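What's counted below: heavy atoms across the whole structure, side chains too, no hydrogens, waters or symmetry copies. These numbers were taken from a predicted model, which means no experiment stands behind them. Protein chains get the first letters and strands the later ones, always in sequence-line order, with residue 1 at the start of each.
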There are 2 protein chains.
Amino acid sequence: MIILSKLADYGVIVATHLAAYPARQVTAGTVAIETRLPQATVAKVLKALAHSGLVTAARGAGGGYRLARRATEISVAEVVAAIDGDIGLTQCSVHVDECARTTYCPTRPHWAAINRAVGEALSAISLDAMLTPAAFVPRMASPAAPQPDEPRFSA
Amino acid sequence: MIILSKLADYGVIVATHLAAYPARQVTAGTVAIETRLPQATVAKVLKALAHSGLVTAARGAGGGYRLARRATEISVAEVVAAIDGDIGLTQCSVHVDECARTTYCPTRPHWAAINRAVGEALSAISLDAMLTPAAFVPRMASPAAPQPDEPRFSA
DNA sequence: TATTAACGGACCAAATCGGTCCGATTTAGG
DNA sequence: CCTAAATCGGACCGATTTGGTCCGTTAATA
């Protein structure tokens with residue numbers, strides 16, 4: 001299974017690209033070329049980012065986008081949430097009222113702890129951190145060979 | 001966005017239900033009734049769990065399913081992976097070869113660290129733990145009011 | 001006033017997902 | 001044996017979501 005939608009993935013790429021040149025104001029078309037992503041899709045992604053306030057948009061000639069905050073102060077979690085919406089593991093996490101099992105489902109309360117962990121993992125890394133070279137990423141390779149029977153969480 | 005598919009969610013519910021009566025061998029129909037889930041879907045879920053070796057299946061009259069291991073030794077991560085497949089945040093996490101951006105995409109290596117965190121969160125909790133009362137779930141409620149501008153990771 | 005570029009939304013094709021159903025196979029019991 | 005009970009392994013469909021494109025409108029610059 002893949003957790004992030006393609007759009008959210010693009011969102012992180014685009015936002016990280018903007019973070020690489022903080023002062024510059026760029027058009028959606030330029031970002032598309034530089035990231036080698038389809039331009040119509042990049043425009044859609046930037047619209048979503050602008051709508052959530054992560055980037056500021058300037059219309060008209062000479063307009064374009066730029067980060068609304070410093071790259072150290074925007075987390076991957078925010079970018080993902082801007083495009084895919086608020087993050088929850090299960091149906092009842094996001095749409096609490098629509099779950100008829102609320103009263104008798106024993107597993108439900110336990111998702112909260114896992115949810116926190118996922119959220120914190122996504123919140124802990126900033127766009128600025130995404131720009132640092134891969135060599136500095138902590139524990140990128142598995143310390144030991146993965147157990148064959150264990151589910152894999154690959155890079 | 002919702003991370004787990006409905007089927008995977010059902011899988012955890014069903015597996016947890018089996019964990020509640022470790023010695024019993026039950027049919028898919030019985031599990032469906034007791035969990036109040038549609039029986040055809042429960043059958044599908046149990047098939048997937050059996051295929052991955054998490055539960056053992058006995059065919060024929062008097063057959064049914066039971067956990068293959070003790071409830072303390074099966075993690076939520078395994079149940080989810082059995083139904084939704086191996087877990088990865090991005091496309092390039094799961095289908096490494098299909099990503100044309102591999103060579104120049106700066107963000108790619110950084111997903112590994114986040115991936116680990118998500119995987120560990122899902123691996124840390126066992127089916128047995130899912131059965132413990134909600135009052136013992138650590139830090140279920142937020143210690144402080146959530147920041148309005150921060151993405152939410154609700155229960 | 002013309003050009004540039006974001007905005008807002010509609011729109012479509014494709015893929016995925018939830019859910020059901022059926023024939024084949026296996027086991028237990030009378 | 002023969003029948004009933006169950007899983008197994010797929011196929012299958014309808015609904016929803018998703019990825020991606022396009023267009024008219026608005027706003028800003030020169």
Touch class at under 4.0 angstrom, heavy-atom based, for A:A57 against every strand present: sugar-phosphate
Select base, sugar-phosphate, or nothing to describe what A:G29 touches, counting heavy atoms under 4.0 Å on all strands. nothing
Less than 4.5 Å apart, side chain to side chain, heavy atoms only: is that true for [X] and [Y]?
X	Y	answer
A:Y21	A:L67	no
B:T41	B:L7	yes
B:M1	A:I83	no
B:V12	B:M130	yes
A:L127	A:L131	no
B:W111	B:V118	no
A:Y65	A:T27	no
B:Y10	B:L46	no

Test side chain to side chain donor-acceptor pair (under 3.5 Å) on A:S5 and A:D84 and set out the steps. CA-CA 7 Å; A:S5 73; A:D84 281 355; 2.7 Å; yes
Interatomic spacing from [atom1] in [X] to [atom2] in [Y] - rounded to 0.5 Å:
X	Y	atom1	atom2	answer
B:H110	B:T90	NE2	OG1	12.5 Å
A:H51	A:L54	NE2	CG	11.5 Å
A:R24	A:R66	CZ	CZ	10.5 Å

Between protein and nucleic acid, restricted to nucleotides 24-30 of chain D and to nitrogen or oxygen atoms under 3.5 Å apart, what atom pairs and distances do you find?
residue	atom	partner	partner atom	Å
D:dT26	O2	A:R59	NH2	2.7

Nucleotides bounding contact with chain B, strand DNA chain C, heavy-atom threshold 4.0 Å: C:dG18 to C:dA28
Can you tell me the distance, in whole Å, between the [atom1] atom of [X] and the [atom2] atom of [N]?
X	N	atom1	atom2	result
A:D9	D:dG19	CG	P	10 Å
B:Y65	D:dA6	OH	P	12 Å
A:I83	D:dG20	CD1	P	12 Å

Using a 4.0 Å cut-off on heavy atoms, which residues in residues 44-53 of chain B reach DNA chain D? List them by number, or say none.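 Listed by number, they are B:K47.
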Need to verify one output field. Residue with the more 5' nearest nucleotide on DNA chain D, A:P38 or B:A43?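 The residue whose closest nucleotide sits nearer the 5' end is B:A43.
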Heavy-atom nearest nucleotide on DNA chain D for B:G64 versus A:A8: which residue maps closer to 5'?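 Closer to the 5' end of DNA chain D: B:G64.
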Quick note, salt bridge (Lys or Arg N to Asp or Glu O under 4.0 Å) partners involving residues 41-52 of chain B, not counting sequence neighbours, are none
Main-chain N/O of [Y] paired to [X] side chain as donor or acceptor, under 3.5 Å:
X	Y	value
B:E78	B:S75	yes
B:T30	B:V26	no
B:N115	B:G88	no

For DNA chain C, what residues of residues 16-25 of chain A have any heavy atom nearer than 4.0 Å? none
Output yes when at least one side-chain N/O atom of A:Y10 is less than 4.0 Å from OP1 or OP2 of D:dT18, else no.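 Answer is no, no contact under 4.0 Å.
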Double-helix bend of the helix from C:dT1-D:dA30 to C:dG30-D:dC1, axes at both ends from 5 pairs, round to 10°, gives 10°
